[in-house]
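This report refers to the structure that appears directly beneath it.
We use all heavy atoms of the structure for the numbers below, so side chains are in, but hydrogens, waters and symmetry mates are not.
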Amino acid sequence: MTDRADLGPKQALQKLIVGNSIYLNTSDSLASVSHERARETAQNGQRPYAVVVSCSDSRVPSEYIFAAGIGDLFIVRTAGNVIGEFELGSIEFGVQYLKAPLIVVMGHSNCGAVEAALANQGDGYLSAVVREIQSGLNGVTDEGEAIHKNVLHSKQRILESPIVRQLLEAGQLMIVCAEYDLFTKHVDFFS
C-alpha cells in the first residue's frame with residue numbers, strides 16, 4: 001500500500017477528484033473503513049493525504065464526498081467553514097506534523113451560516129461566526145456569490161499562517177478551494 005504522505009499536492013488533489021467521481025457514480029464506497037485499516041492506523045499513526053476544511057453541516061460528510069477511508073483525510077469542520085486560531089492550529093498540525101500535502105477549503109450550497117450572515121442573524125457565539133463570514137463578503141448579497149467569497153476568505157485566513165506559507169513556497173503544499181453542491185453531490189474545485 002502506498003503511504004499517503006508520499007503523494008504530492010497534485011496527486012492528492014487528483015485522488016479527491018476521483019473520490020468525488022466515485023461518490024457521484026456509485027451507491028457503494030470503496031473507502032477503507034475496515035477493522036484492519038483502523039488497527040493499522042492505530043498502530044502506525046495517521047498519514048492523511050489532505051486537510052479538508054469544511055462546514056459542520058451534517059449534509060457535508062467529507063469522507064463520503066471524497067470516498068475516503070480511515071486515516072485518509074484530516075478534517076477541520078466549523079459552521080460556515082470559518083477559520084480562527086484553533087482551526088488554524090489544527091491545519092498547521094495536519095500539514096506540518098502529519099505532512100498532508102494538500103489543503104482543501106470547501107464551502108457548500110444552502111449554507112445556513114452564510115445565510116445567517118447575509119440576514120445579519122445570530123445570537124450567542126454564533127454571532128462571532130456571522131461576523132467572521134461578513135468580514136469577507138465585501139457587501140455581496142447574492143447567496144451563491146457569498147458562499148464563494150466565504151471560501152476565498154477562509155483561504156486568506158489560512159494563508160496568515162507562516163507555517164502554511166513556508167510549505168507553499170517550498171512546493172510541499174498546495175491549497176485549493178472547493179464548493180460542494182448538496183443537490184448534485186458534485187465538488188467544484190477552484191483557485
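- If you take CD1 on Ile158 and CD1 on Ile163, they are separated by 13.5 Å, rounding to the nearest 0.5 Å.
- The structure places CD of Gln96 at 11.5 Å from CG of Leu173, a figure rounded to the nearest 0.5 Å.
- Residues Arg157 and Leu88 fail the side-chain proximity criterion, which asks for heavy atoms closer than 4.5 Å.
- Side-chain contact check for Tyr180 versus Lys185: some heavy-atom pair is nearer than 4.5 Å.
- Within a 6.0 Å sphere centred on CD of Glu160, heavy atoms belonging to other residues, nucleotides or ligands number more than 12.
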Side-chain polar contacts of residues 101-126 - donor-acceptor pairs under 3.5 angstrom, sequence neighbours left out - could you list them?
from, atom 1, to, atom 2, distance (Å)
Ser109, OG, Leu182, N, 2.9
Asn120, OD1, Gln134, NE2, 3.0

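- In this structure a side-chain-to-backbone donor-acceptor pair under 3.5 Å is missing from Asn20 to Ile17.
- Closest of all the heavy-atom pairs between Gly171 and Pro9 is O-CG, 4.2 Å.
- Checking Thr78 against Ser56 by side-chain atom types alone, no donor-acceptor pair falls below 3.5 Å.
- For the pair His153 and Glu132, the minimum side-chain heavy-atom distance is below 4.5 Å.
- Heavy atoms from other residues, nucleotides or ligands lying under 6.0 Å from CD of Gln166 number 12 at most.
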Full working for side chain to side chain contact (heavy atoms under 4.5 Å, CB included) between Asp188 and Asp181 = CA-CA 8 Å; Asp188 181 35; Asp181 187 302; over 6 Å; no
Residues Val176, Met174; criterion side chain to side chain contact (heavy atoms under 4.5 Å, CB included); working and verdict = CA-CA 7 Å; Val176 297; Met174 186 167 71; 4.2 Å; yes
List the steps, then state whether side chain to side chain contact (heavy atoms under 4.5 Å, CB included) holds for Leu13 with Lys10.
-> CA-CA 5 Å; Leu13 177 59; Lys10 290 181 181 174; 5.7 Å; no
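- In this structure, Ile83 and Ile91 have side chains that are in contact, with non-hydrogen atoms separated by less than 4.5 Å.
- Considering only heavy atoms from C-beta on, Glu87 stays 4.5 Å or farther from Val82 through its side chain.
- Remark: the backbone N or O of Val60 is paired with a side-chain donor or acceptor of Arg77 at under 3.5 angstrom.
- Put simply, the side chain of Asn150 gets close to the backbone of Gly80: a donor and an acceptor are under 3.5 Å apart.
- Note that CD1 of Ile65 is 12.0 Å distant from NE2 of His186, once rounded to the nearest 0.5 Å.
- Lys149 NZ to Leu152 CG: the interatomic distance, rounded to the nearest 0.5 Å, is 7.5 Å.
- Here the side chain of Ser154 pairs a donor or acceptor atom with the backbone of Asn81 at under 3.5 angstrom.
- Atoms OH and CZ, on Tyr49 and Phe66 in that order, are 8.0 Å from each other to the nearest 0.5 Å.
- Going from atom CD of Glu40 over to atom CD of Gln46 covers 12.5 Å, rounded to the nearest 0.5 Å.
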Please walk me through it: do Asp72 and Glu63 pass side chain to side chain contact (heavy atoms under 4.5 Å, CB included)?
-> CA-CA 8 Å; Asp72 291 341; Glu63 290 87 352; over 6 Å; no
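- Side-chain heavy atoms closer than 4.5 Å link hydrophobic residues (I, L, V, M, F, W, Y) into clusters, and following such links, even through other members, never connects Phe183 to Tyr64.
- Residues Leu16 and Leu73 are in side-chain contact: their nearest non-hydrogen atoms beyond the backbone lie under 4.5 Å apart.
- Under a hydrophobic-cluster definition in which Ile, Leu, Val, Met, Phe, Trp and Tyr are linked whenever side-chain heavy atoms come within less than 4.5 Å, directly or via other members, Phe86 and Phe93 are assigned to different clusters.
- Taken together through direct or relayed side-chain contacts under 4.5 Å among Ile, Leu, Val, Met, Phe, Trp and Tyr, Leu159 and Val151 form part of one hydrophobic cluster.
- Transitive grouping of hydrophobic side chains (ILVMFWY, heavy atoms separated by less than 4.5 Å) keeps Val53 and Val129 in distinct clusters.
- The shortest distance between side-chain heavy atoms of Val52 and Ser62 falls below 4.5 Å.
- Ring orientation note: the planes of His148 and Phe190 are close to parallel, at an angle under 30° on the 30°/60° scale.
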